[in-house]
Amino acid sequence: MGTAGAGNEATVGDRRQLINVAYRLLGSLTEAEDAVQEAYARWYALPRGRQQETVSPGAWLTTVTGRVCLDVLGSARARRERYVGAWLPDPLPAHAERDGYGADPADPADQLVLDESVTMAFLVVLESMTPAERVAFVLHDVFRYPFAEIAGILRRTPAACKQLAASGRRRVRDARTRAHPAVQADVVRQVKAAWERKDIAALVDLLDPAAVMTADGGGRAGTVLRPIEGGGRIAPYMVAIADKAPGLELLERSVNGAPGLVARRDGVVVTVAAFDVAEGRVSRIWVVRNPEKLRPWVG
């Protein structure tokens, strides 16, 4: 885990891991960056002697980041109740699709590893967990931290943390319906084609009858404030959007590591859509239009 006296230099390489942990815990890139910055601020505020006595600065930073995230999660429910419309996790582009200038080490989006634990479907399930469940599950099942270390973050016994992680695991297992990426990509491609043709019948065929579309505009972009339920209602809504948005360009893009769609106007990304596909049909659509959440998307 490290050696005593490692000091500030040993913390430099930990930022990437901390950003990855914090984003999965919070679902917000800005909040994740703030949590990691707070952890570093507390580290640098320690007396030099305390730093040198710390066997593993990385473990110390993880503990503090976890506790900061736990506090944020505790207040997030109240803040999101005041949010205009539905709140969705921040959508993330693949690094190769961000821009032509390569990765920026200072940008938290470029620190993130995109895998199954950051798909929109997975993050939405995490939102259904209690803060303690989420911390225990993410740290243990995603990042393989031992329960003894998680206990120090949650200030609970390792046995209690094990139970929390098991509860979170059940929620994920019960909600998991994700199709093979190739199948999902094919279905999303068909949705794009039907949407561009404004073909309501084709869209209805591609949507599960019980499909749900949730949109996040945050009061900064026009969209429905409540989820739309049923393929028969979602399809006409999608076509109506196409009618009201001439010049909108639809692109196939990776969204949080899974096939998705991006809409842009005049080269600016205005909408990012993530999908969940089950048995060859779209079961969930998550649409993010809040421009604050689209900052990593550059077109």
Side-chain angles (χ1 to χ4, degrees), residues 1-74 76 89-90 92-95 98 101-119 122-123 126 129 131-156 158 161 164-165 168 256-257 295-296:
M1 294 293 292
T3 58
N8 292 339
E9 295 79 7
T11 68
V12 175
D14 296 310
R15 185 172 185 271
R16 179 185 179 92
Q17 174 78 349
L18 295 173
I19 288 289
N20 276 275
V21 168
Y23 173 74
R24 286 159 177 82
L25 288 178
L26 300 174
S28 164
L29 197 55
T30 300
E31 290 179 348
E33 172 71 350
D34 288 346
V36 173
Q37 289 290 84
E38 175 63 20
Y40 273 98
R42 295 184 189 183
W43 169 259
Y44 290 120
L46 287 177
R48 183 68 176 176
R50 283 283 306 281
Q51 291 179 356
Q52 292 176 332
E53 291 170 359
T54 302
V55 174
S56 174
W60 190 97
L61 284 165
T62 299
T63 296
V64 174
T65 299
R67 287 176 179 166
V68 171
C69 289
L70 191 62
D71 290 341
V72 173
L73 288 169
D90 292 4
L92 298 174
H95 299 313
R98 293 196 60 206
Y101 300 101
D104 178 0
D107 191 330
D110 279 321
Q111 304 294 312
L112 285 160
V113 175
L114 302 183
D115 57 25
E116 189 179 29
S117 68
V118 294
T119 64
F122 192 88
L123 292 174
L126 292 182
M129 298 181 188
E133 281 178 341
R134 188 165 182 169
V135 171
F137 171 77
V138 168
L139 289 181
H140 181 267
D141 283 45
V142 177
F143 291 98
R144 303 302 176 189
Y145 284 94
F147 286 119
E149 290 186 20
I150 298 170
I153 295 172
L154 293 178
R155 295 186 173 94
R156 305 192 186 197
C161 294
L164 287 167
N256 286 60
R295 288 178 178 176

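Of all heavy-atom pairs between P93 and L114, the closest is O-CD1, 3.5 Å. Pairing each heavy atom of A136 with each of L154, the nearest pair is CB-CD1, 4.0 Å. The shortest non-hydrogen separation linking P131 to L73 is CB-CB, 3.7 Å. When every heavy atom of T65 is checked against every heavy atom of A39, the shortest pair comes out as OG1-CB, 3.2 Å. Nearest heavy-atom pair, A32 versus L26, reported as atom, atom and distance to 0.1 Å: N-CD1, 3.8 Å.
Note on residues 17-39: no pairs pass ring pair (Phe, Tyr, Trp, His ring centres under 6.0 Å), not counting sequence neighbours.
We find that D115 and R24 are joined by a salt bridge, their nearest charged nitrogen and carboxylate oxygen being less than 4.0 Å apart.
A distance-only check finds a donor-acceptor pair linking the side chain of R134 to the backbone of L25 [under 3.5 Å]. Between the side chain of T54 and the backbone N or O of P57 there is no donor-acceptor pair closer than 3.5 Å. Formation of a donor-acceptor pair under 3.5 Å by the N20 side chain with backbone atoms of Q111 is found in this model. Using modelled atom types, no side-chain atom of R50 and backbone atom of A45 make a donor-acceptor pair closer than 3.5 Å.
Inter-residue side-chain proximity for W60 and L46 is flagged as met; some heavy-atom pair is nearer than 4.5 Å. Side-chain contact between L164 and F137 is absent, with no heavy-atom pair separated by less than 4.5 Å. Between V135 and R67, the closest side-chain pair of non-hydrogen atoms is not below 4.5 Å. For the pair V72/D34, no side-chain contact is recorded, criterion being any heavy-atom separation below 4.5 Å from C-beta on. At least one side-chain heavy atom of L18 sits less than 4.5 Å from a side-chain heavy atom of Y40. Using a 4.5 Å heavy-atom cutoff, the side chains of W43 and V64 are not in contact. Residues H140 and E149 are not in side-chain contact: their nearest non-hydrogen atoms beyond the backbone lie 4.5 Å or more apart. Side-chain atoms of L29 and R295, non-hydrogen and from C-beta on, never get closer than 4.5 Å to each other.
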